[in-house]
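Below: the structure, in structure tokens.
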Amino acid sequence: MKDQKIKGLKIYNTLTGTKEGFTPIHEDYVGMYVCGPTLYSEPHMGNMRTFINFDLVYRYLIYLGYKVKYVRNITDAGHITNSAGEQEDSIGKAARLEQLQPLEIVYKYNVRFQNLQKIYNLLPPTIEPTATGHIQEQIEIIEKIMENGFAYEVNGSVYFDVQTYKKSFNYGELSGRKVEELENETRDLNAQSEKRFFADFALWKKANQNDMQIWRSPWGDGNPGWHIECTAMSTKYLGETFDIHGGGLDLKFPHHEDEIAQSCGSSGKAPAKFWMHANMLNVNGKKMSKSLGNFFLPQEIVEGATDLFDKAYAPNVLRFFMMQSHYRSTLDLTQDALNASEKGMARLTESIETLDQITFADKSSFDVKAIVESFYDAMNDDFNAPILIAGLFDAVKKINLIKDGKESISQKDQKLLLEEMKGFVLDVLGLTLDGNQKDNRLNPVMDLVLELRQQARANKDWATSDLIRDGLKNAGISVKDGKDNTSWQ
RNA sequence: GGUCUCGUGGCCGAGUGGCUUAGGCACCGGUCUGCAAAACCGGUUACAGCGGUUCGAAUCCGCUCGAGACCUCCA
């Protein structure tokens, strides 16, 4: 089935604003670059949403059988934002505050980030290159851009020459901005700028006295510009043009626009065939962000340590919650929504276990293949995980009906459905069944306890059976009386 | 101020011209049960407002109202 389905994948391309059929540049191989975090603090849940969404993309491409090279950078060089060079870079600022070296800051938060990836069951990218590890590559790209006449040096800094560039290329094609209009749109014009043109951006920035990180370059000591690291690293690991470039929607302009300019300006080629942008995670309708203070940390929510919610949620629940919305839509995070996801996910994962132990029939009473195909169709339509989940719940309903003897399934279909449900739930959505797995040592104990309760019930000794039930409840174990047997969780 | 996006039932959230009852949760009814919970089955509630195009619009166009994003670091 995968062989037939692999050709059906469509991806929404920000560059064209349409869904396009996906065909990799090199057959069977996919190159994907995603902009990673700047590690001057711990990533919050909003950041995680983007990484989880691209994890979904990565997982589905693998599921379809592609060999995927997934590059996600780690920004460990701070970037001076103000063109006058007055503002401190984010990493340097954090370093000063915590009285650590910049790379100690980055290391510290990278350890946490890596841990979060494990907790949230993100597949590790093929490589996570760092900006500071690729200063030479960045310098070389800048040199190429200068050779091509699209950059100029001023006083130890190098700027990209947008005006010259747009004579040969279309600056603004990704974000739909027109350079002529940009000037009026800009809120704060910096009159003191060294730049020839307001839209020019720094490729290399001359060092300040108080910079904590400084590198040597042909133009003197300084720092690489914000955008150049992605161009350098994507080129190095994926080539001048690769299949997919992803990132958060807030990076579309100027970051990704400038990446395109740098690639075209150096190699003459556009960096990526497909640009994918993941939308923001909202809290009460507003983008989760540090400045608004409406963020919480991924670690806090799984520990129940945030004031925003009165209980802890499993990482699985957060993942499922996010998968219930499309990656290109904003998603509002509320406690009610999380509670809904928690229950729904439990029902979904439990049904997989039910299916595993189901009784076969000679024939299936419903079209199993059609349900499975709906899984692929959903994901092939621009990774539409919410539709996939709706399809999975169709299967859940059928499985429960089979259990009740109202539908039936053949052994062959059971095998197919189980395999594909596991595939989509575990491998594609990246959920785990951990929550349903019981402690090996506790198992026989619980068997005994429930047996005793069953005896009490047989004797109509309700006092004893309720004592056991209530006692277990206090211990955090809920007893579920089924038709034929009693289970617990 | 400029550019753009969005406004779906109690909540979250899909769907872009013609039965999608999307789906999840909640709620109501039922089955089961010693009771309760859990499971399961069934059901109700919607397309911001106004106008237009069309045989027909949640879906296309216009206007109004509202929300948000980007233009500065941001996933």
Side-chain angles (χ1 to χ4, degrees), chain A residues 34-38 40 43-54 72 75 78-83 87-90 93 172 175-178 181-188 190 199 226 246-255 277-282 285-291 320-321 323-326 328-348 350-351 354 378 381 384-394 396-397 399-401 403-404 406 457 460-462 465-466 469-470 473 478-483 486-489:
Chain A
V34 172
C35 290
T38 303
Y40 64 95
H44 62 234
M45 207 63 221
N47 301 317
M48 286 301 286
R49 186 189 177 200
T50 297
F51 302 135
I52 287 172
N53 274 140
F54 283 106
R72 190 184 58 211
T75 298
H79 299 294
I80 292 136
T81 58
N82 186 317
S83 55
Q87 276 180 346
E88 218 168 0
D89 73 277
S90 48
K93 195 174 171 187
S175 58
R177 288 165 195 276
K178 293 189 170 61
E181 291 171 3
L182 267 174
E183 187 152 24
N184 303 323
E185 296 167 12
T186 305
R187 282 182 299 194
D188 301 309
N190 193 326
W226 174 31
L249 188 60
D250 50 359
L251 295 182
K252 187 161 79 170
F253 186 88
H255 183 59
H277 289 97
N279 216 136
M280 302 291 103
L281 181 66
N282 286 178
K286 289 217 168 97
K287 175 182 170 181
M288 181 180 282
S289 71
K290 295 213 164 137
S291 53
F320 183 75
F321 166 70
M323 296 292 115
Q324 277 184 296
S325 81
H326 188 75
R328 280 193 286 117
S329 300
T330 54
L331 172 61
D332 218 63
L333 183 62
T334 61
Q335 174 135 28
D336 285 346
L338 280 183
N339 286 338
S341 294
E342 189 170 44
K343 292 198 174 182
M345 192 197 67
R347 204 156 75 84
L348 174 62
E350 277 166 25
S351 83
T354 304
D381 186 11
N384 199 324
I387 298 288
L388 164 63
I389 288 172
L392 288 168
F393 275 105
D394 286 344
V396 169
K397 184 173 271 191
I399 289 165
N400 289 327
L401 284 168
K403 196 174 70 174
D404 283 1
K406 290 169 184 162
R457 292 179 75 199
K460 296 189 191 286
D461 179 3
W462 311 130
S465 80
D466 289 353
R469 185 172 71 194
D470 296 343
K473 193 179 179 186
S478 57
V479 174
K480 297 176 179 181
D481 292 325
K483 202 170 186 177
T486 299
S487 61
W488 58 277
Q489 203 172 25

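Naming convention: chains lettered A, B, ... in sequence-line order (proteins, then strands); numbering from 1 in each chain. Everything quoted here is computed from the prediction, not taken from an experiment.
- Closest approach to the A:Ile387 side chain among B:rA75, B:rC70, B:rA14 is made by B:rA14 (side chain taken as heavy atoms from C-beta onward).
- When heavy atoms are screened at a 4.0 angstrom cut-off, A:Phe54 is found touching no nucleic acid atom at all.
- Using a 4.0 Å heavy-atom distance criterion, A:Lys343 is classed as a sugar-phosphate-only contact.
- Side-chain N/O atoms of A:Asp481 and base N/O atoms of B:rG34 include no donor-acceptor pair closer than 3.5 Å.
- Here A:Asn384 lies in heavy-atom contact (under 4.0 Å) with sugar-phosphate atoms only.
- Taking 3.5 Å as the limit, the base of B:rC25 and the side chain of A:Arg347 contain no donor-acceptor pair of atoms between them.
- The base of B:rG34 sits with one of its N or O atoms less than 3.5 Å from a complementary donor or acceptor on the side chain of A:Ser465.
- A:Asp394 and A:Lys397 are not joined by a salt bridge, as no carboxylate oxygen comes within less than 4.0 angstrom of a charged side-chain nitrogen.
- A:Asn339 comes within contact range of no nucleotide atom at all, as no heavy-atom separation falls under 4.0 Å.
- With its glycosidic angle within 90° of 0, B:rA39 adopts the syn conformation.
- Here the nucleotide nearest the side chain of A:Arg177, chosen from B:rA37, B:rA75, B:rC70, is B:rC70.
- Side-chain to base pairing of A:Arg469 with B:rA36: one donor and one acceptor N or O lie within less than 3.5 Å of each other.
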